[in-house]
Amino acid sequence: MPEITWALFRQQVAACAMCPLHEGIRNKVPGQGDLNSPLMFIGEGPGQVEDEEGLAFVGPAGQLLTRMLAAISLPRDRVYICNIVKCRPPNNRVPTEEEAAACKLHLRMQTALIRPKVIVLLGSTAAKNTLGPEIRITRDRGRWFERKGVWMMPTYHPSALLRDPAKKREAWEDMQRLRDKLMELGLYNDIYGGSPE
């Protein structure tokens, strides 16, 4: 098996035709950010703006995510952000189990290359595909799960917060839990510089 590299990852995503999603898109959206970050965010899939630009989380939900990170003094360019699927599902629908399964190789490669210490799972699709189908976002959000030395926390997807602003309070609590976990693991000051406000 060839050594996993970013060049191989990009090549695999560019050539991928493992499911029908690739047929109706403008751009694949592999993900972007700090390749050496200990913190990774995984969302559901690209939306319209992401499909147009080829970048993850740059539409309204992405702008909200940037503000959420800023609220705990984390610069967005110091984290890595990607999605379960790399192609936009039609009409922004939820990816099917088959589509998510087809894209799993790409996500595994990304995770192996980033080697994050902490992963935030944005929304039900990311949580179920990473932690298991029994996960319920309303019940399990804000809880930490440890898998092979990596700490993972599900929380609401920013698009859910745009649809239902009442959830923002709980999302803010989750971001504080994230900040506290980064500090507990000794990653906050070392990686981001300074201390939280």
> Judged by atom type as modelled, is there a donor-acceptor pair below 3.5 Å linking the side chain of Glu53 to the main-chain atoms of Glu50?
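Not at all, since once roles are kept as given, no pair shorter than 3.5 Å links the two residues.
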> When you measure from the side chain of Lys117 to the backbone N and O of Pro38, does any donor-acceptor pair fall under 3.5 Å?
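Not at all, since once roles are kept as given, no pair shorter than 3.5 Å links the two residues.
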> Hey, are Lys181 and Gln176 close enough side-chain-wise for a donor-acceptor pair under 3.5 Å?
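Absent: no donor and acceptor within the cut-off.
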> Measure across Pro89 and Leu21 and return the closest heavy-atom pair with its distance rounded to 0.1 Å.
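Closest approach of Pro89 to Leu21: CA-CD2, 3.6 Å.
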> Taking CZ in Arg93 as the centre, count heavy atoms belonging to other residues, nucleotides or ligands within less than 6.0 Å. Is the count above 12?
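It does: Arg93 CZ has more than 12 such atoms within range.
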> How about CZ on Arg136, more than 12 heavy atoms from neighbouring residues, nucleotides or ligands closer than 6.0 Å, or not?
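Result for CZ/Arg136: enclosed.
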> Please name the pair of heavy atoms, one in Pro154 and one in Arg143, separated by the smallest distance, quoted to 0.1 Å.
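Scanning both residues completely, I find the closest heavy atoms to be CD-O, 3.3 Å.
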> Tell me, do Phe9 and Gln110 make a side-chain contact under 4.5 Å, heavy atoms counted?
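Contact flag for Phe9/Gln110 side chains = yes.
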> Tell me if the CE atom of Met175 is crowded by more than 12 foreign heavy atoms within 6.0 Å.
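It does: Met175 CE has more than 12 such atoms within range.
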> Main chain of Ile25, side chain of Asp51: is a donor-acceptor contact present, judged purely on distance under 3.5 Å?
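Here the side-chain-to-backbone pair does not exist.
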> Going from CD1 on Ile137 to CZ on Arg139, what distance comes out if it is rounded to the nearest 0.5 angstrom?
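Rounded to the nearest 0.5 Å, the CD1-CZ separation comes to 10.5 Å.
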> Which atoms form the tightest heavy-atom contact between Ala14 and Lys28, and what is the distance?
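Reported closest heavy-atom pair: O-NZ, 3.1 Å.
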> Please tell me if the side chains of Val85 and Cys87 come closer than 4.5 Å, counting only heavy atoms from C-beta onward.
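A side-chain contact is absent here, since even the closest heavy-atom pair is not under 4.5 Å.
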> Just by distance, with hydrogens left out, do Arg141 and Thr155 show a side-chain donor and acceptor under 3.5 Å apart?
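Per modelled atom types, Arg141 and Thr155 side chains form no pair under 3.5 Å.
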> Is any side-chain heavy atom of Leu161 closer than 4.5 Å to one of Leu64?
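Yes - at least one pair of side-chain heavy atoms lies under 4.5 Å apart.
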> Is the number of heavy atoms from other residues, nucleotides or ligands within 6.0 Å of CD (Gln63) greater than 12?
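Counting neighbours around CD of Gln63, more than 12 heavy atoms of other residues, nucleotides or ligands fall under 6.0 Å, so yes.
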> Around atom NZ of Lys167, are there more than 12 heavy atoms from other residues, nucleotides or ligands closer than 6.0 Å?
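Buried by this count: over 12 neighbours within 6.0 Å.
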> Say whether, by atom type as modelled, one donor and one acceptor occur between the side chain of Lys86 and the main chain of Val29 under 3.5 angstrom.
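Flag not set: sc Lys86 to bb Val29 has no pair under 3.5 Å.
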> How far does CG of Leu105 sit from CD of Gln12, to the nearest 0.5 angstrom?
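The CG atom of Leu105 sits 5.5 Å away from the CD atom of Gln12.
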> What class does the angle between the rings of Trp6 and Tyr80 fall in, given that below 30° is parallel, 30 to 60° is tilted and above 60° is perpendicular?
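Because their plane-to-plane angle lies in the 30° to 60° range, the rings of Trp6 and Tyr80 count as tilted.
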> Would you indicate whether the side-chain heavy atoms of Leu187 and Leu39 approach each other to under 4.5 Å?
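A side-chain contact under 4.5 Å is absent here.
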> May I ask you to test the Leu185-Val118 pair for a side-chain heavy-atom distance under 4.5 Å?
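SC-SC contact between Leu185 and Val118 confirmed.
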> Between CG of Leu121 and CE of Met40, what distance do you get to the nearest 0.5 Å?
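Separation between the atoms: 9.5 Å.
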> Counting heavy atoms not belonging to Arg147, are there more than 12 under 6.0 Å from its CZ?
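Count over threshold, so yes.
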> What's the shortest heavy-atom distance between Ala56 and Cys82, and which atoms?
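Closest approach of Ala56 to Cys82: CB-CA, 4.5 Å.
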> Determine whether Val150 and Met152 make a side-chain contact, defined as any pair of heavy atoms from C-beta on separated by less than 4.5 Å.
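Yes. Closest side-chain heavy atoms under 4.5 Å.
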> Report yes if some heavy atom in the side chain of Thr125 is under 4.5 Å from a heavy atom in the side chain of Asn83; otherwise report no.
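The answer is no, as the side chains (C-beta and beyond) never meet within the 4.5 Å cut-off.
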> If we ignore hydrogens and angles and just use 3.5 Å, is the side chain of Lys128 paired with the main-chain N or O of Ile135 as donor and acceptor?
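Looks like yes, one N/O pair under 3.5 Å.
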> Just how far is it from atom SG of Cys16 to atom CD of Gln11, taken to the nearest 0.5 Å?
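With rounding to 0.5 Å, SG (Cys16) is 12.5 Å from CD (Gln11).
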> Looking at every heavy atom in both Gly43 and Ala126, which two are closest together, and how far apart are they?
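Result for this residue pair: O-CB, 3.7 Å.
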> Under the side-chain hydrogen bond (donor to acceptor under 3.5 Å, both in side chains) rule, collect the residues that match up with Asn92, sequence neighbours excluded.
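Asn92 satisfies side-chain hydrogen bond (donor to acceptor under 3.5 Å, both in side chains) with Arg88 only.
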> Which heavy atom of Ile4 sits nearest to which heavy atom of Met109, and what is that distance?
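Heavy atoms only, the tightest pair is CG2-CE, 4.1 Å.
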> To the closest 0.5 Å, what do you measure between NE2 (His106) and NZ (Lys104)?
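Answer rounded to 0.5 Å: 13.0 Å.
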> Is there a donor-acceptor contact under 3.5 Å from the side chain of Arg10 to the main chain of Thr5?
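The answer is no, because no donor-acceptor pair under 3.5 Å joins these two groups.
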> Please check this pair: side chain of Ser37 against backbone of Gly33, looking for a donor-acceptor N/O pair closer than 3.5 Å.
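A pair under 3.5 Å: no.
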> Provide the full list of ring-ring contact (aromatic ring centres under 6.0 Å, His included) pairs with a residue in residues 34-70, sequence neighbours left out, each pair given once.
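Qualifying pairs, neighbours excluded: Phe57-His157.
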> Which value, rounded to the nearest 0.5 Å, describes the distance between Phe145 atom CZ and Ile119 atom CD1?
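Going from the CZ atom of Phe145 to the CD1 atom of Ile119 covers 13.0 Å.
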